[in-house]
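Atoms within a ligand are numbered from 1 in the order they appear, just like the ligands themselves. From a predicted model like this one, the values you see are computed outputs, not experimental measurements.
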Amino acid sequence: MATPVKVTVTGAAGQIGYALLFRIASGQLLGPDVPVKLSLLEIPQAVKAAEGTAMELDDCAFPLLSGIEITDDPNVAFNGTSVGLLVGAMPRKAGMERGDLLGANGGIFGPQGKAINDHAADDIRVLVVGNPANTNALIAQQHAPDVPADRFTAMTRLDHNRAISQLAAKLQVPVTEIKHMTIWGNHSATQYPDLFHTEVGGKVAAEQVDQEWLRDTFIPTVAKRGAAIIEARGASSAASAANAAIDHVYDWVNGTEWTSAAIVSDGSYGVPEGLVSSFPVRAAGGRFEIIQGLEIDAFSRERIDASVRELAEERDAVKSLGLI
Ligand code: NDP
């Protein structure tokens, strides 16, 4: 059997962790021929709960799962790891100022970035899921100067999948008919799901829906879907978030023609270099690259700029807090 690949999941005892770990262990993250070793990172008070999840993983007798490690030390969790799924984050509590939220997350993602820098395997790939995901990814990346910046990403794949599903329902076509969906910017309410480059049946999606629906229904429905699920379920969208994390890493490793991912900007499409922003990307040879040459009309430009402005403000805030 091939050598197992170490995969580290932070916040492993949480809701998303619970939906994610079993799928990783069953081979859906890296493929059906790749054995995995799981490392579960938790805060000390949640280690016992992570041990419970590990017992269930054992009870599945997954043929691809070669071992499970549970720790509260990032230096142990990231030692030799090839895939880091950074799920655990400080949730926003009622009355919390943005600076407090960013500060608390800086205290989590800074040390994790350093641990990745010092201990991870050379082929490390990081996906940040914990919110504010883009800026948490930026903090981690800035603490890992020896790791190529393109190994740090944040998740907008759930927004991408939600946008595909909303459009497919509107046009009454299977989701497989929707090509070239793109989410731009921040994984937040300012994100911009772009139908001007999306194709359905070989034709531009924006031309197949009325503009009012696009602007007043589609964009806000995608951006606020998480809140709608909390309202309906009484709990957050953990399974679909875990599914999107699996999609993101699987495509990153195995290649895809077109998806959305938040990656470190090289300045493309007017997004300032260094910000972790969502782009249309392809993946080949284990690397994401931004799909170039798309024409951006005034409607899209305004929305991309607004989301990128928010990312720049978050970056400036963490800079002024001394977190990067
Ligand atoms: P979840 O597993 O539900 O969510 C974890 C993170 O993912 C949150 O930041 C959440 O953001 C974010 N997220 C991103 N996309 C989505 C989505 N579509 N739906 C829901 N969440 C999304 O949180 P739990 O509270 O159940 O678990 C968190 C775990 O993390 C706890 O066990 C805690 O102990 C642990 N933790 C571990 C740390 C570490 O390993 N060092 C540090 C901090 C916490 P949002 O808050 O905006 O919903």
Over all atoms of both residues, closest heavy-atom pair of S277 and V308: OG-CG2, 4.0 Å

Protein contact of atom 14 (C) of ligand 1 - nearest heavy atom, named by residue and atom, plus distance: V129 O, 3.1 Å

Which of the ligand 1 atoms, numbered from 1, are nearer than 4.0 Å to a heavy atom of T10: 40 (O)

P132 to L101 - nearest heavy-atom pair and separation: CD-CD2, 4.2 Å

Pair Y192-S300, side-chain donor/acceptor within less than 3.5 Å: yes

Under 4.0 Å to a heavy atom of S236 - the qualifying atoms of ligand 1, by number: 3 (O), 20 (C)

Lys/Arg N to Asp/Glu carboxylate O, R282 vs E289, below 4.0 Å: yes

Within reach of ligand 1, part of A89 (heavy-atom separation under 4.0 Å): both

Polar proximity ligand 1 side, S237 side, N/O cut 3.5 Å exclusive: yes

Nearest heavy atoms of V264 and A149, plus distance in Å: CG2-O, 3.5 Å

Approximate separation, where rounding is to 0.5 Å, of T221 OG1 and D216 CG: 10.0 Å

Numbered atoms of ligand 1 (with element) below 4.0 Å of G130, judged on heavy atoms: 6 (C), 7 (O), 9 (O), 12 (C)

For L41, atoms of ligand 1 separated by under 4.0 Å from a heavy atom: 40 (O)

Validation row, ring centre F196 to ring centre F299 under 6.0 Å: yes

Protein contact of atom 3 (O) of ligand 1 - nearest heavy atom, named by residue and atom, plus distance: Q15 CB, 3.5 Å

N or O pair under 3.5 Å between R92 and ligand 1: no

Which segment of L158 sits under 4.0 Å of ligand 1 when only heavy atoms are counted: side chain

Proximal ligand 1 atoms for G14, defined as those under 4.0 Å from one of its heavy atoms: 2 (O), 24 (P), 26 (O), 27 (O), 29 (C), 32 (O)

N131 and ligand 1 - part of the residue with a heavy-atom distance under 4.0 Å: both

Contact (N/O only, under 3.5 Å) between M155 and ligand 1: no

Atom 38 (C) of ligand 1: the protein heavy-atom neighbour that sits closest, reported with distance to 0.1 Å: I43 CG2, 3.7 Å

Per-atom contact, atom 45 (P) of ligand 1, protein heavy atoms, under 4.0 angstrom: yes

H143 ring center near F152 ring center (under 6.0 Å): no

Residue selection (non-hydrogen contact nearest atom 32 (O) of ligand 1) among M90, Q112, E42, R225: E42

Side-chain donor-acceptor contact under 3.5 Å, H187 with D159: yes

Element-labelled atoms of ligand 1 that are located less than 4.0 Å from some non-hydrogen atom of A46: 34 (O)

Nearest non-hydrogen partners of A25 and L57, listed with the distance: CB-CD2, 4.0 Å

Verify same cluster id: F62, V36 (apolar side-chain graph, 4.5 Å): yes

Nearest non-hydrogen protein atom, atom 30 (O) of ligand 1: G11 CA, 3.2 Å

Pair T259, D251: side-chain N/O donor-acceptor within cut-off below 3.5 Å: no

Of the listed options I108, L40, I16, V87, closest to atom 22 (C) of ligand 1 (non-hydrogen atoms): I16

Structural part of R162 in contact with ligand 1, heavy atom criterion under 4.0 angstrom: side chain

